[in-house]
Number of protein chains: 2
Amino acid sequence: MINVPTAIPAFQTIKDFLLREIQAGTWKEGDAIPSEAVLAQQFKVSRMTVNRAVRELTSEQILNRIQGSGTYVAQQKYQATLVAIKSIAEEVRARGHAHRSELHELIEVEASESLAQQFQVELGQKLFHSVIVHFENDVAIQVEDRWVNSILAQDYLAQDFAIKTPNEYLMAVAPLQGVDYSIEAVMPPKLIADMLHISSKEACLVLHRKTRSQNQIATIVTMWHPGSRYQFTGSF
Amino acid sequence: MINVPTAIPAFQTIKDFLLREIQAGTWKEGDAIPSEAVLAQQFKVSRMTVNRAVRELTSEQILNRIQGSGTYVAQQKYQATLVAIKSIAEEVRARGHAHRSELHELIEVEASESLAQQFQVELGQKLFHSVIVHFENDVAIQVEDRWVNSILAQDYLAQDFAIKTPNEYLMAVAPLQGVDYSIEAVMPPKLIADMLHISSKEACLVLHRKTRSQNQIATIVTMWHPGSRYQFTGSF
DNA sequence: TAGTGGTCTAGACCACAGC
DNA sequence: CTGTGGTCTAGACCACTAT
């Protein structure tokens, strides 16, 4: 068979066909779809082409494949809302606004018992601590309270965070391995409220994040946002 | 060449190799990696096998490919924290706790001007409104205030939400097309505070979500959580 | 024009499931 | 045993980029 070039690749045509039929209800959750051999015959393509179409839909969680058995329509993706939280500077700039930051603290400390435990390091281990307030068009929108494992980011104290945020610096020196996070709503301590120029009666949206790199805890950060002028948003 | 079966497929071996070299810094962001032809020769496999390895890494955002030019190491994935928010019942059960819900309202209404606008429907269009309080081990953790497009979920009023949450019902009748969401920290109105059995001085973590299905707005929901006993958490 | 990726073929052998 | 998916080949032609 001669390969006839078309605008749309054959494997894409097959993917579209399968998606359309699933959407239309021809095959419901758990139903088997036609085998590769059958689809290859129907579309007059080689089995490898069908294989690619079906394999990609499988990696997209649309289908399940069981070797020796068949290909089935996957369960509806579990009802979860995925929230993507970008770095603050990136986000502000993406909105076309001006980002500025104010460094309130940048010191070296020895790990207290509590910090040592959180970082899973020895008591007294050298850590860095920075407190930075981020502004969008000169309005404070985030207090970033960060603890950094000195082993993974030795030059942390020498950075100019007006140019490169801690986030950006850490991403460069310590490739991300994993993240734990939590988001909560709390009333701010006076210190935080002052830095954000808000009342301590205003709720804050707080993101805690702990990142791992090279099998160690790289950084533990708490980000405070004034509830009245900051929210996590997105769509997909 | 005879195909020698091994535990690890050849394309996977090549993926692993490329990932290892990238991690080791052999090629940095923006650098070109060897061409398919070169890799095929090195690994003594056909170009198609190399192609699969490289194509998959590209779909995983590890590499960028430019036709006619080459394959390059992609930029470090932008520093985003992905938060997955599950349905409340699912989440509570996953923790091994008891989930229970209380129905506070379940009515049919005509869309007000504001609602009609949010749903992008005609003024007076039939909508459903439900208010449900969710409990974890008899402690209120969520007020779910939901508006539903009646066209997409005609049997909404007839559901027993003690058995199947609105979320679960809607997922079944209206396949999800897209989601807009926002998360914020606010002080609760008295009505909400009462339903959660908290003080109206306690910050609430609020998730707004608007879902689309069949090219219409399917449902708009606001979920209120007491800041003192609820947070979004996760890891990856 | 030479080199790259993008796609496709018509076979092949294997592992596994289900009868 | 048959039918399924899992993988791989050794070519091929095309579209695009860079020189």
Side-chain angles (χ1 to χ4, degrees), chain A residues 1-19 21-22 26-27 29-75, chain B residues 1-19 21-22 26-27 29-75:
Chain A
M1 169 93 27
I2 299 157
N3 177 8
V4 180
T6 48
I8 299 166
F11 78 88
Q12 187 60 56
T13 305
I14 297 170
K15 283 182 73 173
D16 291 344
F17 166 77
L18 293 172
L19 283 170
E21 294 297 303
I22 289 169
T26 307
W27 308 301
E29 287 182 21
D31 286 1
I33 69 165
S35 72
E36 291 190 355
V38 170
L39 288 170
Q41 217 170 15
Q42 271 183 19
F43 284 88
K44 302 197 199 311
V45 296
S46 78
R47 205 193 119 202
M48 270 302 274
T49 301
V50 172
N51 180 272
R52 174 164 175 189
V54 177
R55 183 155 37 76
E56 290 192 359
L57 288 175
T58 302
S59 85
E60 292 162 25
Q61 316 263 332
I62 311 286
L63 299 173
N64 292 323
R65 313 201 79 179
I66 302 173
Q67 186 175 148
S69 172
T71 302
Y72 307 88
V73 178
Q75 303 301 305
Chain B
M1 171 90 30
I2 296 157
N3 177 9
V4 181
T6 48
I8 298 166
F11 78 89
Q12 187 61 54
T13 303
I14 297 170
K15 284 182 73 172
D16 291 344
F17 165 77
L18 293 172
L19 283 170
E21 294 297 303
I22 290 169
T26 307
W27 309 299
E29 288 181 20
D31 287 0
I33 69 165
S35 72
E36 292 191 354
V38 170
L39 288 170
Q41 216 170 15
Q42 270 184 18
F43 284 89
K44 301 197 199 312
V45 297
S46 78
R47 207 193 117 202
M48 270 303 274
T49 301
V50 173
N51 180 271
R52 174 165 176 187
V54 177
R55 183 155 37 76
E56 290 191 0
L57 288 176
T58 301
S59 85
E60 291 162 26
Q61 316 263 330
I62 312 286
L63 299 173
N64 291 324
R65 314 200 78 181
I66 301 174
Q67 186 174 142
S69 172
T71 302
Y72 306 88
V73 178
Q75 302 300 306

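All values below come from the heavy atoms of this structure, side chains included, with hydrogens, waters and symmetry mates left out. Lettering of chains follows the sequences in order, A, B, ..., and the numbering in each one begins at 1.
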Original post:
Reckon B:V54 touches a base, only the sugar-phosphate, or nothing at all at heavy-atom distances under 4.0 Å?
Top reply: nothing

Subject >> A:R52 side-chain proximity, nearest of D:dG6, D:dT9, C:dT7 >> reply: C:dT7

**OP:** Look at the side-chain N and O atoms of A:S35 and state whether any lies under 4.0 Å from the OP1 or OP2 oxygen of D:dT4.
**Re:** yes

Original post:
Any idea which of C:dG18, D:dG5, D:dC8 is nearest the A:S69 side chain?
Top reply: C:dG18

**OP:** Output yes when at least one side-chain N/O atom of B:R55 is less than 4.0 Å from OP1 or OP2 of C:dG5, else no.
**Re:** no

Subject >> Gap between atom CG of A:D31 and atom OG1 of A:T26 - 0.5 Å precision >> reply: 10.0 Å

Original post:
side chain to side chain contact (heavy atoms under 4.5 Å, CB included) with B:Q12: which residues, sequence neighbours excluded?
Top reply: B:I8, B:P9, B:K15, B:D16

Original post:
Expressed in angstrom and rounded to an integer, what is the separation of A:L63 atom CG from D:dG6 atom P?
Top reply: 11 Å

Subject >> OP1 or OP2 of C:dT9 under 4.0 Å from side-chain N/O of A:T49 >> reply: yes

**OP:** Respond yes when some side-chain nitrogen or oxygen of A:S46 is under 4.0 Å from OP1 or OP2 of C:dG11, and no when none is.
**Re:** no

**OP:** Could you state the atom-to-atom distance from CE of A:M48 to C1' of D:dG6 in whole Å?
**Re:** 10 Å

**OP:** Can you figure out which of C:dT9, D:dT7, C:dG5 approaches the side chain of A:R47 most closely?
**Re:** D:dT7

Original post:
Given D:dC8, C:dC8, C:dT7, which nucleotide is nearest the side-chain atoms of B:P9?
Top reply: D:dC8

Subject >> d(NZ, B:K44; P, D:dC8) in whole Å >> reply: 16 Å

Subject >> Length of the CD1-P vector between A:I8 and C:dG6, whole Å >> reply: 18 Å

**OP:** Tell me which nucleotide among D:dG6, C:dG5, C:dT9 gets nearest to the side chain of A:Q67.
**Re:** D:dG6

Original post:
Which pairs pass salt bridge (charged side-chain N to carboxylate O under 4.0 Å, His left out) with one or both residues in residues 63-72 of chain B, sequence neighbours excluded?
Top reply: B:E36-B:R65

Original post:
Once you round it to whole Å, what is the distance between P of C:dG6 and CD of A:E56?
Top reply: 12 Å

**OP:** Between A:R65 and A:G68, just flag the one whose closest nucleotide in DNA chain D comes earlier from the 5' side.
**Re:** A:G68

Original post:
What is the distance from CG of A:N51 to C1' of C:dC8, rounded to the nearest Å?
Top reply: 13 Å

Subject >> Under 3.5 Å donor-acceptor, A:T49 side chain and A:V45 backbone >> reply: no

Original post:
Can you check the B:I66 CD1 to C:dT4 C1' distance for me, whole Å?
Top reply: 11 Å

Subject >> Check ion pair A:R55-B:E56 (N to O, under 4.0 angstrom) >> reply: yes

Original post:
Given atom NZ of B:K15 and atom P of D:dG6, what is their separation to the nearest angstrom?
Top reply: 14 Å

